[in-house]
Amino acid sequence: MRFQRISALAAAVAAISLALTACGSDDGSTGGGGQVTLKVWDQFTDGGTSEAAKQIYADFEKANPDVKIDAESYRFDDLAQLGKTALASGTGPDVMYFDAGLGEAGQLAESDLIVPLDDYAEEYGWTDKINEEIRTWSTYDGKLFGLGLEGEFNSLFANDSLIEKAGLTVPTTYDELLDFCGAAKDAGYVPIAYGQGPAVYAKDMYAMVAQNIVGADSVHDLIFDNQGSFNSPEMAKAIDIWFSQMNDAGCFPDGVNGLSVDNAALLFHGSKALMLAGGTWQIGDIYEKMPDSDVTMMPFPTIEGGAGQFYPLGVGSAWVISADGDNQDAAAKFLDYMYSPDAVDIWMTKGGIIPPVATDLDSLDLQPMIKQAAQLVQQGQDDAGSQLGYYIWPRWSGQLFNLFQDGAQAVTAGSKAPQELADEVQKQWESDGGQ
């Protein structure tokens, strides 16, 4: 088979304006001893990833005393707004860890705001070192423009200890899941912690359910080769299952359309919800905030007549290099270090991040879910036979991405039929050229 950290926008317009003024590149030098200052904007704002990034940046500086890292961290949504504006105005960083979607980093590439990395890939051996499918997500019009750092995939998490306390068992089929939701509510728990205010995880849940129905190869053929359609009965069924049937069955918190993904996660962290919808980027928070809970990672349950169980694989963000900066060679050296054995060790053990490079997992002191996720990324399937599938949204335009988020809320609210949203998705996909 072929092989997102989201938050509400917090920065005020005034704060963004100040950041644009303060963060613009100068001549790239500190003025002392010829040392280069490399300005880096990333998204490592939580405890584990932040500490991992700080240590890796410091280690890079020790190994490269001619380069100083000036790093600033932003929440995902904040950087989505600020990064585009800063690069367009020539006041952005040398290196940025940015959303890899066609409507995000793809737009930067189309506007010539970031540089193609193919020559650097050859120089540093990234083609051999970094997983091909992860590189695919940052390849636009046949050119490599970004390096994904996190081999991430969508999943569900189950608080096994709390489920046992409630007298329930983890569902293995979709029918069992619907029964589980009813029983969990009767026991006073939220069955699945999930929020759609805004619906930033809607695309992820859709991909997970859809692949259980049609299979990963069918999704691959649709998003990469434009074979098939988003408004087939099967793809519409995926919309119906997650956004309509499961909501009607009481699987989600009350007022799901007004609940943010961060606040939904708090329900799980606080032992008010039995399961959590999301993906591997949440593992670090789970271990940090639920040290006494027995939590396991699982795919969406099997669907009758479906193709199996799949974890959609992709990459949320990727390292990109500004086309306006004077320090592109130093930036490429920095990117290469992010995938070095020492850095990979720190990313995995401290940050809970799974870089898409081959690693001797047995040599690392990894938490069970991190090791499970890393094995999946490297081997393509787990011990139970669940396989890796594909993210869908990185192949969507910004217009289609927004259309789906809004449409998911409408289906959940009962103001739009699942087939209607599927038809709208297909129409926009065709309008975008089936990218």
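These figures come from a predicted structure and were not determined experimentally. One-based numbering along the sequence shown.
Contact detail for P301 and T173: the closest heavy-atom pair is CB-C, 3.4 Å.
Pairs passing the side-chain hydrogen bond (donor to acceptor under 3.5 Å, both in side chains) check and including a residue from residues 100-118, sequence neighbours excluded, read K84-E104, K84-Q107.
When ring centroids are compared, W41 and F76 stay outside the 6.0 Å threshold. Between F230 and W429, the ring centre distance stays below 6.0 Å.
Exactly one residue among V295, L156, I286 makes a side-chain contact (heavy atoms from CB on, under 4.5 Å) with L276. That residue is I286.
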D336 and K129: CA distance, side-chain angles, deciding distance, side chain to side chain contact (heavy atoms under 4.5 Å, CB included) verdict = CA-CA 10 Å; D336 186 61; K129 182 187 304 183; 2.9 Å; yes
request  = Verify salt bridge (Lys or Arg N to Asp or Glu O under 4.0 Å) between K416 and E424, making sure each step is shown before the conclusion.
outcome  = CA-CA 11 Å; K416 188 184 295 288; E424 291 173 354; 2.9 Å; yes
ask   = Yes or no on side chain to side chain contact (heavy atoms under 4.5 Å, CB included) for D225 and Q227, after CA distance, side-chain angles and deciding distance?
value = CA-CA 5 Å; D225 301 326; Q227 297 178 10; 4.0 Å; yes
query = Going through the checks in order, is the ring pair (Phe, Tyr, Trp, His ring centres under 6.0 Å) test met by W281 and Y201?
reply = CA-CA 12 Å; W281 58 90; Y201 285 2; 5.5 Å; yes
request  = Might you work through the side chain to side chain contact (heavy atoms under 4.5 Å, CB included) test for I283 and D285, ending with a clear yes or no?
outcome  = CA-CA 5 Å; I283 293 176; D285 268 357; over 6 Å; no
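Residues forming a ring-ring contact (aromatic ring centres under 6.0 Å, His included) with Y120 (at least two apart in sequence, or on another chain): none. Residues passing the ring-ring contact (aromatic ring centres under 6.0 Å, His included) test with Y194 are W242, F252, sequence neighbours excluded. Considering only residues two or more places apart in sequence or on other chains, F60 meets the ring-ring contact (aromatic ring centres under 6.0 Å, His included) condition with F334, Y337. Remark: F44 pairs with Y97, W347 by the ring-ring contact (aromatic ring centres under 6.0 Å, His included) rule, at least two apart or across chains.
Judged by distance alone, the side chain of Q309 and the main-chain N or O of F300 form a donor-acceptor pair under 3.5 Å. Judged purely by atom type and a 3.5 angstrom limit, N402 uses its side chain to pair as donor or acceptor with the backbone of G398. The backbone N or O of G48 sits less than 3.5 Å from a side-chain atom of D46, completing a donor-acceptor pair. The backbone N or O of G279 lies less than 3.5 Å from a partner atom in the side chain of Q282, making a donor-acceptor pair. With hydrogens and angles ignored, the 3.5 Å screen pairs a side-chain donor or acceptor of T136 with a backbone N or O of E132. A donor-acceptor contact shorter than 3.5 Å is absent between the side chain of T139 and the backbone of G142. Put simply, the side chain of S73 never gets that close to the backbone of T45: no donor and acceptor are under 3.5 Å apart. A side-chain donor-acceptor contact under 3.5 Å links T85 to the backbone of Q81. Judged purely by atom type and a 3.5 angstrom limit, Q196 has no side-chain atom pairing as donor or acceptor with the backbone of A202. Under a 3.5 Å cut-off, the side chain of S244 and the backbone N or O of I241 do not form any donor-acceptor pair.
In summary, the side chains of Q428 and D432 do present a donor paired with an acceptor at a separation below 3.5 Å, with no hydrogens or angles considered. When only modelled atom types and interatomic distance are considered, S317 and E150 share no side-chain donor-acceptor pair under 3.5 Å. No donor-acceptor contact under 3.5 angstrom links the side chains of Y311 and Q381, judged on distance only. Judged by distance alone, the side chains of S229 and N231 do bring a donor and an acceptor atom under 3.5 Å apart.
Q43 has its side chain out of reach of R75: every pair of non-hydrogen atoms, C-beta onward, lies at least 4.5 Å apart. No side-chain heavy atom of Y57 sits less than 4.5 Å from a side-chain heavy atom of E61. The side-chain heavy atoms of L38 and K68, taken from C-beta on, include no pair separated by under 4.5 Å. Considering only heavy atoms from C-beta on, D324 stays 4.5 Å or farther from L113 through its side chain. Residues D94 and V40 fail the side-chain proximity criterion, which asks for heavy atoms closer than 4.5 Å.
Here CG of N257 is found 5.0 Å from OG1 of T412. Values are rounded to the nearest 0.5 Å.
Remark: D119 CG is loosely packed, at most 12 non-hydrogen atoms of other residues, nucleotides or ligands lying under 6.0 Å away. Heavy-atom contacts from other residues, nucleotides or ligands closer than 6.0 Å to CG of D365 number 12 or fewer.
In this structure, Y390 and F224 have perpendicular ring planes: the angle between them is above 60°, well past the 30° mark. Using bins of under 30°, 30° to 60° and over 60° for the plane-to-plane angle, the ring pair F243/F404 lands in the perpendicular bin.
Salt bridge K54/D42: absent, no basic N to carboxylate O contact under 4.0 Å.
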Under 3.5 Å donor-acceptor pairs involving side-chain atoms of residues 348-358, not counting sequence neighbours:
from: T349; atom 1: OG1; to: D345; atom 2: O; distance (Å): 2.7
from: T349; atom 1: OG1; to: D345; atom 2: OD1; distance (Å): 3.4
from: K350; atom 1: NZ; to: Q55; atom 2: OE1; distance (Å): 2.5

